[in-house]
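Index from 1, following the sequence.
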Amino acid sequence: MSCCERKCNIYYFIFSISMILALLIWNVILTITVAESNSAHINSFNYAPENVKTGEYITFDTNRIIEKDAITHQEGTADFRINQAGNYYIQFNTTAYEPPSTGKETTLSVYLEHNNATVYGSTVGETVNNAYQTINLNFAVIIKAESGDVLRVKNNSGTVIELLQPNIDIIKIK
């Protein structure tokens, strides 16, 4: 190995170590910033499939993550209560199918309600042509909420739908 190659390898080694240290310091700063911020997060889902009648709300039987108390949810219910005013990111996803009761073309649809009003941009739906045809329903929206507000996801299909592991994340972003 020539002298020039050794110098390049040393410079590369020093540069690599410097970058690793810079990334570690950045990670520590971000961790402290997030830990001290007002952000909050809840993730809820269902283990078992859930049949939801038209016009009814999806209930969530398990709270997997609850960070801080800006958002609360009682397991087995549909309501998510906002306890701290701010901006919230809400993301929902599920796999759905129409039970074989109708056997005809149907649009399966859900949307997010904020204090009993539809959140624009959250209505999602897809048409199925056969019983047991699966589809994915998902949305992501950002809303401004006040303390005491209630969020929930509603079946808007006009028929019973079966949901497989519906999952919702609500994250306070500001």
Side-chain angles (χ1 to χ4, degrees), residues 34-128 130-174:
V34 169
E36 293 178 355
S37 73
N38 288 330
S39 75
H41 179 205
I42 191 165
N43 171 262
S44 299
F45 69 101
N46 283 340
Y47 279 109
E50 179 181 5
N51 285 314
V52 182
K53 294 178 183 175
T54 188
E56 289 190 357
Y57 299 102
I58 299 169
T59 59
F60 295 87
D61 65 16
T62 303
N63 293 328
R64 183 178 5 218
I65 296 172
I66 300 176
E67 289 182 14
K68 303 195 178 173
D69 61 357
I71 313 143
T72 53
H73 172 254
Q74 182 177 345
E75 291 178 336
T77 68
D79 294 359
F80 291 86
R81 183 164 304 278
I82 302 298
N83 298 320
Q84 188 177 70
N87 296 332
Y88 288 83
Y89 171 79
I90 299 107
Q91 182 272 325
F92 170 83
N93 64 67
T94 190
T95 299
Y97 69 88
E98 176 191 14
S101 58
T102 64
K104 60 182 179 179
E105 183 176 280
T106 303
T107 299
L108 305 181
S109 176
V110 299
Y111 63 86
L112 178 68
E113 273 191 0
H114 178 195
N115 292 337
N116 298 317
T118 303
V119 174
Y120 294 104
S122 71
T123 302
V124 292
E126 191 170 327
T127 301
V128 294
N130 305 309
Y132 294 113
Q133 177 184 349
T134 61
I135 60 166
N136 294 315
L137 298 174
N138 54 63
F139 63 77
V141 293
I142 296 175
I143 64 164
K144 183 173 185 74
E146 300 298 326
S147 181
D149 287 2
V150 175
L151 305 172
R152 52 189 165 208
V153 182
K154 190 172 191 176
N155 175 7
N156 188 42
S157 301
T159 188
V160 173
I161 58 175
E162 183 154 338
L163 304 176
L164 306 175
Q165 295 186 334
N167 182 61
I168 192 167
D169 281 292
I170 303 172
I171 302 167
K172 184 175 187 297
I173 55 177
K174 182 179 175 189

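Annotation for Asn155 and Ser109: closest pair OD1-O, 3.4 Å, computed over non-hydrogen atoms. In this structure, Ala85 and Lys172 approach most closely via the heavy-atom pair O-CE, 3.4 Å. The shortest non-hydrogen separation linking Thr94 to Leu164 is OG1-O, 3.2 Å. Shortest non-hydrogen contact noted between Glu162 and Pro49 is OE2-CB, 3.1 Å. In this structure, Ser122 and Phe139 approach most closely via the heavy-atom pair O-CD2, 3.2 Å.
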For side chain to side chain contact (heavy atoms under 4.5 Å, CB included), just list the numbers for Leu151 and Ile170, CA-CA rounded to whole Å, side-chain angles, deciding distance to a tenth of an Å, and then say yes or no. CA-CA 10 Å; Leu151 305 172; Ile170 303 172; 4.1 Å; yes
query: Does the pair Asn115 and Asp149 meet the rule for a side chain to side chain donor-acceptor pair (under 3.5 Å), with working shown?
result: CA-CA 6 Å; Asn115 292 337; Asp149 287 2; 2.9 Å; yes
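By the 4.5 Å heavy-atom criterion applied to side chains, Leu163 and Ile58 are counted as neighbours. By the 4.5 Å heavy-atom criterion applied to side chains, Thr62 and Tyr47 are counted as neighbours. Under the 4.5 Å side-chain criterion, counting only non-hydrogen atoms from C-beta, Ile168 is in contact with Ile90. Counting heavy atoms from C-beta outward, Val124 and Asn138 have side chains that stay 4.5 Å or more apart. Contact check for Asp169 versus Ile42: no side-chain heavy atoms found under the 4.5 Å cut-off. Side-chain contact between Val128 and Leu108: present, with at least one pair of heavy atoms (C-beta onward) separated by less than 4.5 Å.
Without hydrogens or angle criteria, His114 side chain to Thr118 main chain gives no donor-acceptor distance under 3.5 Å. Looking at Asn63, its side chain does come within 3.5 Å of a backbone N or O of His73 through a donor-acceptor pair. A donor-acceptor pair under 3.5 Å is absent between the side-chain atoms of Thr107 and the main chain of Gly125, judged by distance alone. Not one N or O on the side chain of Asp61 forms a donor-acceptor pair closer than 3.5 Å with the backbone of Glu75. Here the side chain of Thr59 pairs no donor or acceptor atom with the backbone of Thr77 at under 3.5 angstrom.
Ring pair Phe92/Phe60 is perpendicular by interplanar angle, where above 60° counts as perpendicular and below 30° as parallel.
In this structure, the separation between CD on Glu56 and OG on Ser157 is 12.0 Å, given to the nearest 0.5 Å. The CD atom of Gln165 lies 7.0 Å from the CZ atom of Phe45; values are rounded to the nearest 0.5 Å. To the nearest 0.5 Å, the span separating CG on Asn136 from OG1 on Thr95 amounts to 4.5 Å.
For Tyr88, the ring pair (Phe, Tyr, Trp, His ring centres under 6.0 Å) criterion is met by no residue, not counting sequence neighbours. Residues forming a side chain to side chain donor-acceptor pair (under 3.5 Å) with Asn46 (at least two apart in sequence, or on another chain): Glu50.
No hydrogens or angles considered: a donor-acceptor pair under 3.5 Å links the side chains of Asn43 and Asn167.
Screening Ile173, Ile171, Ile71 against His41 for a side-chain contact (heavy atoms from CB on, under 4.5 Å) leaves a single residue, Ile171.
Surrounding CD of Gln91 are more than 12 heavy atoms belonging to other residues, nucleotides or ligands, all under 6.0 Å away.
With Phe80 as the aromatic partner, Arg152 does not meet the cation-pi criteria of under 6.0 angstrom to the ring centre and within 45 degrees of the ring axis.
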